[in-house]
Amino acid sequence: MDFSGLVFLLKFLPLFLLFYYVAPGRAKNIVLLLGSLCFYAWSGPVCVGLAALSAVVNYLFGRFMEDYKGRKEGRILLAVSVGLNFGALFLFGYADLLTGMINALLKTHLPALGLSMPVGCTVYTLQAVSYLTDIYRGKEKAGKNILDFGAYLLMFPQSVAGPIVRYQEIEEGLKQKGADLHRISLGAQRACIGLAKKVILADGAGRLWQEVAGADFQRMSTATAWLGMLAFGFRIYFYLSGYSDIAIGLAACLGFSFPENFRHPFAAVSVRDFWHRWQITLGKWVRDYVYLPLGGSGKGLLRQAGNMAVAWALTGLWYGADWTFALWGLWCGAFLLLEKLFLGRILKAAPKVVGWLYTIVVMALGGTLFALDDLTQVRTYLLAMVGGNGGSLVDARFFYLGLEYLPILVLSLIASAPFAAALAKKLREGRTGAAMAFWRFGEKVIPGLLLIASLFLIVAG
Amino acid sequence: MKERENDIFSIGVIAGILLIFAVVDFFARAGSVSAKYGENGLKSPAFNREQYASGEFAREYEAYLKENFRNQAEWKALLTDIRLRMGRKDVGGVYVGREDTYLMRRPAEDITPEMEQKALEALAALVEDREARVMLVPTSDALWGDRLPDFADSYDQKSFLDRAAQAVGQENWVDAWSALSAHEGEEIYYRTDPHWTSLGAYYGYLAWWRDSGKLLPYYYDPNRGETAAEDVRGELYALSGLEMPGEKMWIFSETLRHMPTLLYDTGESREGYYREDLLESAYPYQYFLGEETGFLEVRTGLERTKSLLVIRDSYANCMIPLLAPHYQTIYLADLGLYEGGLEELLQRFGPEEDLEVLVLSSVPGWLENFR
């Protein structure tokens, strides 16, 4: 079920909220769990079956783990449970990628399984692993009630694109101490903003990217290639951050606090800074459960480079089951290493605009790995971006597309820049009557976004 | 207190919008008609285990909800209007051009050098093999290029025509570009359809006739046309969903003086060139010779010594009634739909003294055969 689909907005959500708000106290968690299972069930029996199995198995492992934490048996339990979680994720999402590689390298004919990644699997698997690891490390207590635990693990708001939530972050919310009107209001507004980001900006920028991606890269002008990458950047950012906003907003409406997942990544002044602003919860998860357990930066430069390679290849693969995603992760990791070695010091000494330009260029060039299907396309597109394909610097198509999508580009620029959020904060905290009045007006406009987004939803596609 | 009021306002409006949409969707669905599929669009997908397991049911149900939402057509028009007001010039592959003209979007990238090469080679081989004439007609987006939106990308048809003329030789070439551009200020193309009008076809016909050595069968008078419909909206209207003013469709009254028989490859036969029943369809240009078909035989019913094989696209349909009085029979083959392809067609119609061959197609139509 898609958050930006009519089934979710017009059928599932109103019904779910009705039952949720009517249910008393902790019974809300049962409604949340059942609602989430229905959410998964909509996408097929495999989705709901795997989700339910994951909840039961991880709950049981959690309970056992608590008894053996810090001991050898606990270590074995952790290895088995993590193996099971990643095994399922691998089977559904990445097995065909591996068989494809084996077939290509060894000229074998291993059959593809043809399975697709079940909805929410990438998110609840990482949540389960963090939950079990934290219990083993003694940082977390196992959930006592399987229904509460199931509600945490499978909660539908974060199932599409995160944020990846740790148990301790919502443990308090699971006590269901009653709804706070202000929180619900802010949550609903946040969800509206998220929906508008996805439906208006991500889909709009996506259409521009499709226009560019459908053209002949060998004849593409440099300016058009950069315009295309800008559009792709906006598309993916507003898609992920829009869904994150919906998740955070819906969670607030249900009485939970989800961590922030994006913080104006296009304002970053280094690749390191970018990753502190982009899919923040994923970055932290990889750091805490992959990079640091591997040894982090503590065992020499070579080991650190190896650890970073593993961590960043996995980060890339989280976004999609293709080697181009892994390469994209490695591309980011390589620049992070360079920044750690010497580039970071240079960027720190230089004016901020230099760091910003450097980050934009690195992420845009690397973005081709994320955006395109194969390395031949990536190569041709990169050549177009650096003017090495024989195409012109700028052509009529660039101006045409630029004008055609100008409103979307301008809106995307404003919505992705920190100054709009800073202005909103200033107005909200403003002491003058005019500032407050303007903020109040802004608050009243936000629900209108839902109306506009709905219009786009009904008509688009 | 103020904050509490604001919170209630926000929650109330957001919940209200959701609720109104949900209620409208639930209760008003029965009365709605799909903008895209008409009454056929109303059916909810059938639930079965396999479709559910594959996720197909979920996808189809979402599409069903969207497609049949109450007043879908009006919502779509509203959104298109918003987009146009924000400066969009391309809606559904249709350019909103200057002078109230709508033009098909044909980006240069759509045509590869390989397609051009194959298309030119096929023409050269054709005229070498037999006595054939070639008339490739520029479409409105090329000839009325000055009506395109600023910076709009459009395939350079003139350049291809120049190369095609060289490939087939001037003796076999009918210069439709010059014939039409001499009258570019006139209504030679429809404004809501990608085809040429009867007037455009008439100028094309004159260009063909001039070097044909044939006598004019009638004095075609463009000032005494017969109106087919006063208010049609063509294929570009159907493609884009844009609000467009209707336009007149007319024919040369001289073409009604004889009654041809049209034999379709489906086995169906009809009398006359014109199909009034299709004027109200999404493709009113099909008024000329009917729906698209791979092969069509036109028996003019006139005593003539020659027949004509036309390798065509739909552009030819409007000119056939003008050409027809010169021939006993006209065979029309649309390579895009003709099952045997060009080679089989030329084997079927070998070089014969009483058979002339004419390639009569729009430039994009001819190139598309070689994709």
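Just so we're on the same page: letters track the sequence lines, and every chain starts at 1. Predicted model, so just to flag it, every value in this text is computed and none were measured.
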Residue part contacting chain B, namely of Val7(A), when any heavy atom lies under 4.5 Å: both
Note, Leu6(A) side chain near Glu62(B) side chain (heavy atom, < 4.5 Å): yes
Portion of Ala41(A) that has a non-hydrogen atom of chain B nearer than 4.5 angstrom: both
Side-chain ion pair, Arg105(B) and Glu404(A), N-O less than 4.0 Å: no
Pairwise side-chain contact, Asp7(B) with Ile184(A), heavy-atom cut-off 4.5 Å (strictly under): no
Distance flag, aromatic centroids of Phe399(A) and Phe151(B), threshold under 6.0 Å: yes
Within 6.0 Å of CZ in Phe19(A), more than 12 heavy atoms from elsewhere: no
Nearest atoms (heavy-atom pairs only) where Pro45(A) meets Tyr52(B): CD-CE2, 3.4 Å
Atom pair CG (Asp153(B)) and CG (Asp395(A)), whose distance is rounded to the nearest 0.5 Å: 8.0 Å
Pairwise distance CD1(Ile17(B)) to CG(Leu9(A)) - rounded to 0.5 angstrom: 11.5 Å
CD (Glu121(B)) with more than 12 external heavy atoms under 6.0 Å: yes
Residue pair Thr112(B), Asp216(A): steps toward the side chain to side chain contact (heavy atoms under 4.5 Å, CB included) verdict: CA-CA 9 Å; Thr112(B) 63; Asp216(A) 181 359; over 6 Å; no
Side chain to side chain, Pro107(B) and Arg397(A), heavy atoms closer than 4.5 Å: yes
Interatomic spacing from OG in Ser185(A) to CD1 in Ile14(B) - rounded to 0.5 Å: 7.0 Å
Least distance between heavy atoms, Tyr400(A) atom then Pro149(B) atom: CE1-CB, 4.3 Å
Point-to-point distance, once rounded to the nearest 0.5 Å, from NZ of Lys89(B) to CG of Leu403(A): 10.0 Å
Minimum heavy-atom distance Ala22(B)-Leu10(A), with the two atoms named: CB-O, 3.4 Å
Atom CG of Asp156(B) with >12 non-hydrogen neighbours under 6.0 angstrom: yes
Separation of Leu18(B) CG from Leu17(A) CG (nearest 0.5 Å): 8.0 Å
Minimum heavy-atom distance between Arg88(B) and Tyr405(A), given as atom pair plus value: NH2-OH, 3.7 Å
Side chain, backbone, both or neither of Ala63(B) within contact of chain A (heavy atoms, under 4.5 Å): neither
Validation row: Asp90(B), Glu211(A) side chains within 4.5 angstrom (heavy atoms): yes
Ion pair check, Arg219(A) and Glu109(B), cut-off under 4.0 Å: no
